[in-house]
Number of protein chains: 2
Amino acid sequence: MTEVRVLLVDDHPVVRAGLRAMLTGFEGISIAAEASDGKAALKELARLTALGEAPDVVLMDLQMGAGMDGVTATAAIRKLASTPPVLILTTYDTDADILAAVEAGASGYMLKDAPPEQLRQAVLQAAAGGTVLAPRAAALLMDRISNPGTSLTQREVQLLELLATGLSNRAIAKEVFISEATVKTHLVHIYGKLGVDNRTAAIAEATRRRIIRPPGAKG
Amino acid sequence: MTEVRVLLVDDHPVVRAGLRAMLTGFEGISIAAEASDGKAALKELARLTALGEAPDVVLMDLQMGAGMDGVTATAAIRKLASTPPVLILTTYDTDADILAAVEAGASGYMLKDAPPEQLRQAVLQAAAGGTVLAPRAAALLMDRISNPGTSLTQREVQLLELLATGLSNRAIAKEVFISEATVKTHLVHIYGKLGVDNRTAAIAEATRRRIIRPPGAKG
DNA sequence: CCCGGGATCAACCTTTCGGTTGATCCCGTG
DNA sequence: CACGGGATCAACCGAAAGGTTGATCCCGGG
């Protein structure tokens with residue numbers, strides 16, 4: 001196996017062209033196939049595997065407008081019998097994105113504005129079975145294990161995200177199938193951890209700390 | 001005119017590589033230079049013009065993490081003595097993005113997920129002095145001229161910005177030296193114009209429309 | 001000169017939110 | 001098994017926000 005074969009997954013033709021041009025320009029890296037969303041990626045993966053040409057690494061965008069999103073696709077890929085490493089390549093470095101990706105079983109997390117050389121290293125490392133994280137992603141995970149007391153739980157982050165979309169407590173409750181009382185309890189905890197005393201301040205602070213994406217940002 | 005010469009402006013190396021690969025693959029289009037932000041674009045423009053090799057069109061991303069943003073850069077370019085057409089190429093089709101771009105003097109507005117052929121047409125048309133708008137952009141502008149009554153006043157935008165920082169009505173009142181009652185009146189007007197019914201939704205909607213910056217965004 | 005829109009404020013009422021207390025359930029760790 | 005943390009819910013209260021009505025002032029355009 002001389003070459004590292006990559007399966008590109010991104011919904012933007014421009015980005016795919018860029019990654020293709022960039023990666024094929026490197027020694028020892030080639031593009032096995034491309035897909036515009038998660039579902040297509042799974043199909044491509046099956047096709048390549050059947051041909052005995054399974055890719056050595058999947059390069060996956062998290063934000064995809066239509067079709068299956070990156071997290072879902074990553075989780076699905078990791079459940080297959082033969083699972084190539086999935087390297088996440090995304091625009092944002094928010095806590096929620098990073099956590100979701102790692103939880104879904106991604107082998108790495110890189111930002112799209114990374115320099116080409118870093119991207120090359122990441123692809124090779126991931127293909128070799130290694131883990132590669134962008135500095136912020138690594139820092140977040142370290143922080144998460146060192147002092148989990150001050151950091152938000154997954155549930156809290158989830159509610160925070162819904163909060164930022166402008167939903168009321170009641171609407172949030174319906175959205176996640178819990179009671180309004182529980183939503184309020186979570187919010188009080190969130191306010192305490194963030195050091196604020198109302199929902200708008202919580203959104204501002206969480207956005208500043210990059211715990212959530214800016215309200216209205218596409219995902 | 002033998003070749004349409006393009007100045008690429010985008011902060012992501014991957015996207016630049018994609019556009020370069022895509023555009024240079026077309027007959028009659030070539031890349032004059034590239035820049036990673038607005039300031040660098042102005043510098044490149046000056047350099048190329050001094051060499052007598054001014055580009056025929058500037059292909060500009062609106063969202064750029066660091067440095068001068070696309071709107072500012074577009075406005076700056078349109079103020080020069082010799083102004084090449086600026087074609088906006090962005091990820092989002094939000095109201096304020098489009099409006100801001102057109103206001104800044106852009107000749108066109110395309111989305112990054114447009115098919116390559118559409119992109120080629122757009123570049124050629126813009127270079128020829130024409131106007132080219134993505135369907136949604138065109139629709140928005142039509143709608144905007146037909147009923148302009150829904151736009152926010154300066155005062156309302158100012159209060160929205162304070163709102164997004166997490167301040168209470170009382171705190172906002174103190175901040176701008178008006179009564180809490182007046183703040184509430186303004187907020188009711190804002191909610192009506194944005195089509196929402198609470199402050200967090202107003203922040204989300206205003207952020208989505210790019211009426212205000214995301215809470216906690218870098219200054 | 002009158003009209004409209006923007007900004008300002010008050011009074012009033014309803015709904016939502018913030019905060020507390022206390023409780024149950026589940027799960028993983030020591 | 002006991003303990004703690006996370007998630008769940010209820011009841012309660014005061015504070016804040018949402019919504020309405022009505023009013024004054026200023027300014028610019030028909």
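Model, not experiment: these values are computed from the prediction. Protein chains get the first letters and strands the later ones, always in sequence-line order, with residue 1 at the start of each. Heavy atoms only: backbone and side chains are in, while hydrogens, waters and symmetry mates are out.
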Tabulate protein N/O versus nucleotide N/O from nucleotides 13-18 of chain D, keeping only pairs under 3.5 Å, one per line.
unit_1: D:dA17; atom_1: OP1; unit_2: B:Asn169; atom_2: N; d: 3.3
unit_1: D:dA17; atom_1: OP2; unit_2: B:Asn169; atom_2: N; d: 3.3
unit_1: D:dG18; atom_1: OP1; unit_2: B:Tyr191; atom_2: OH; d: 3.2
unit_1: D:dG18; atom_1: OP1; unit_2: B:Arg199; atom_2: N; d: 2.9
unit_1: D:dG18; atom_1: OP2; unit_2: B:Tyr191; atom_2: OH; d: 2.9
unit_1: D:dG18; atom_1: N7; unit_2: B:Lys184; atom_2: NZ; d: 3.4
unit_1: D:dG18; atom_1: O6; unit_2: B:Lys184; atom_2: NZ; d: 2.6

- Message: salt bridge (charged side-chain N to carboxylate O under 4.0 Å, His left out), that's the test. Do A:Asp10 and A:Lys112 meet it? Break it down for me.
- Response: CA-CA 11 Å; A:Asp10 198 302; A:Lys112 276 186 185 167; 3.3 Å; yes
- Describe, as an angle rounded to 10 degrees, how the axis at the first end of the helix from C:dC1-D:dG30 to C:dG30-D:dC1 is tilted relative to the axis at the last end, five pairs per end. 40°
Partner residues of [X] under the side chain to side chain donor-acceptor pair (under 3.5 Å) criterion, sequence neighbours left out:
{"X": "B:Gln118", "value": "none"}
{"X": "A:Glu53", "value": "none"}
{"X": "B:Ser168", "value": "none"}

Let me know the distance between [atom1] of [X] and [atom2] of [N], rounded to the nearest Å.
{"X": "A:Leu162", "N": "C:dC17", "atom1": "CG", "atom2": "P", "result": "13 Å"}
{"X": "B:Leu152", "N": "C:dG6", "atom1": "CG", "atom2": "C1'", "result": "13 Å"}
{"X": "A:Ile190", "N": "C:dG19", "atom1": "CD1", "atom2": "P", "result": "12 Å"}
{"X": "A:Leu163", "N": "C:dC17", "atom1": "CG", "atom2": "C1'", "result": "11 Å"}
{"X": "A:Ile178", "N": "D:dC9", "atom1": "CD1", "atom2": "P", "result": "6 Å"}
{"X": "B:His186", "N": "C:dG6", "atom1": "NE2", "atom2": "P", "result": "11 Å"}
{"X": "B:Gln158", "N": "C:dT8", "atom1": "CD", "atom2": "C1'", "result": "14 Å"}

Any residue meeting side chain to side chain contact (heavy atoms under 4.5 Å, CB included) with [X], in chain and number order, not counting sequence neighbours:
{"X": "A:Leu124", "value": "A:Val4, A:Ile29, A:Arg120"}
{"X": "B:Ser107", "value": "B:Arg78, B:Pro85"}
{"X": "A:Glu34", "value": "A:Leu8, A:Arg16, A:Arg20, A:Ile31"}
{"X": "A:Pro55", "value": "A:Leu7, A:Ala32, A:Leu45, A:Leu48"}

- Item | Identified side chain to side chain contact (heavy atoms under 4.5 Å, CB included) counterpart of B:Ile211 within the set B:Ile203, B:Val157, B:Ile190 |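 The residue from B:Ile203, B:Val157, B:Ile190 that satisfies side chain to side chain contact (heavy atoms under 4.5 Å, CB included) with B:Ile211 turns out to be B:Val157.
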OP1 or OP2 of [N] less than 4.0 angstrom from a side-chain nitrogen or oxygen of [X], does that happen here?
{"X": "B:His189", "N": "C:dG6", "result": "no"}
{"X": "B:Thr153", "N": "C:dG5", "result": "no"}
{"X": "A:Ser179", "N": "D:dC9", "result": "yes"}

- Touch class at under 4.0 angstrom, heavy-atom based, for A:Thr182 against every strand present: base
- Query: Hey, are A:Gln121 and A:Glu117 close enough side-chain-wise for a donor-acceptor pair under 3.5 Å?
  - Reply: yes
- Message: For B:Gln154 and B:Ala181, find the nucleotide of DNA chain C closest to each by heavy atoms; which residue's nucleotide sits nearer the 5' end?
- Response: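 So the residue in question is B:Gln154.
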- Task: Provide the full list of side-chain hydrogen bond (donor to acceptor under 3.5 Å, both in side chains) pairs with a residue in residues 175-188 of chain A, sequence neighbours left out, each pair given once.
- Result: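 side-chain hydrogen bond (donor to acceptor under 3.5 Å, both in side chains) check on residues 175-188 of chain A returns A:Arg170-A:Glu180, A:Ser179-A:Thr182.
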List every contact pair, protein side and nucleotides 21-30 of chain C side both N or O, where the distance is under 3.5 Å.
none

Can you give the donor-acceptor pairs under 3.5 Å from side chains of residues 125-134 of chain B to other protein atoms, not counting sequence neighbours?
none

